[in-house]
Amino acid sequence: MPVEEMTRGVARLRTLIANMYLVGTQGGPWVLVDTGTPGNAARIRGAAEERFGRDARPEAILLTHGHWDHAGCALELAAYWDAPIYAHRLERPFLSGESAYPPKDPMAGGAFSFLSRFFPSSTVDLGECLLDLPEGGEVPGLVGWRWHFTPGHAPGHVAFFQRYESVLLSGDACITMDLDSAMGIVAQEPRISRPPAPFTYDWDQAHRSVELLADLRPAAIGAGHGEPMSGPAVAVGLAELARDFPRPRRGRYASEPARTDETGLTFVPPPVPDPAPKIAAAVGLAAIAIGAVVVLSRRERG
Ligand SMILES: [Zn+2]
Ligand SMILES: [Zn+2]
């Protein structure tokens, strides 16, 4: 698994669809932010050893939220490293087998919503490895970083921010690729974009979370999906997204959010009828997968 330097002290790891970040410097304490899709634990361990040396172990594993593409390897890595996993306390019911996440909404609009019929909404049970992030905003294992509560995409979603160099790890509160267009998914051109729509259940909160991140005026951003970005385009892109936040016009959560509390899911609005047969979505998924393979293989050659 390639380790790509994002800024000093932050490196990006990537599975096919999601990013993770190694934060910390060689010889000092370090943490892993997010853990990718299931099945990547050995590759993540290899990448961490490449960066921090053999037998290196993190102070903690931090989760921006518990969706399967971010928490997929958390338990296996925690067991191997004997490291605690931290998430926001409102994410706990979804990471302990107590509650399902709000159901996905394939009718939220855009290419990824259309394809989401094939994406799992499964949850993981992290058992006793899971700890709550400290209330004050400090980040276990990292000096100079704070977590910020950014719900809407997930009930206990957090973003991590380092003030001195103005580096933001945004999780899925906003991402750096356009999942709403097929070309955006295939080409993955860096672009600050709304959270993955079919898995976002409260658009007012999601909008407020983007406003909060825009106020941080980050100089660099690493999101859960898409290429890391740096320079003035980051703050400009976030400000534009906050100003013209693209709420879905239709879909299950367009006018009313799902509701959650510390016990998990408490209310879900009724589903919107889904007229698209799965076969049509399958054809779209295949076309996008072929396009992505072509683009990625060209990139690797070039
Ligand atoms: Zn997510
Ligand atoms: Zn994600």
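Note that the structure is predicted; figures quoted are calculated from it, not measured. Whatever order the structure lists ligands and atoms in, that order sets their numbers, starting from 1.
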Short N/O/S contact of His153 with the Zn ion (ligand 1) (below 2.8 Å): yes
For the Zn ion (ligand 2), the closest N/O/S atom belonging to Asp69: OD2
Considering only N, O or S atoms of His70, the one closest to the Zn ion (ligand 2): NE2
N, O or S atom of Asp172 closer to the Zn ion (ligand 1) than 2.8 Å: yes
Geometric class of the His65/His70 ring pair [parallel <30°, tilted 30-60°, perpendicular >60°]: tilted
Residue from Val10, Val167, Val33, Leu168 passing side-chain contact (heavy atoms from CB on, under 4.5 Å) with Phe160: Val33
Thr64 and Asp34 side chains, donor-acceptor separation under 3.5 Å: yes
Metal site the Zn ion (ligand 1): N/O/S of His65 inside 2.8 Å: yes
The Zn ion (ligand 1) to His67: nearest N/O/S atom name: ND1
Plane angle bin for Trp68 and Phe119 - parallel if under 30°, tilted between 30 and 60°, otherwise perpendicular: tilted
Aromatic ring pairing Phe94/Tyr101, orientation class (parallel under 30°, perpendicular over 60°, tilted between): parallel
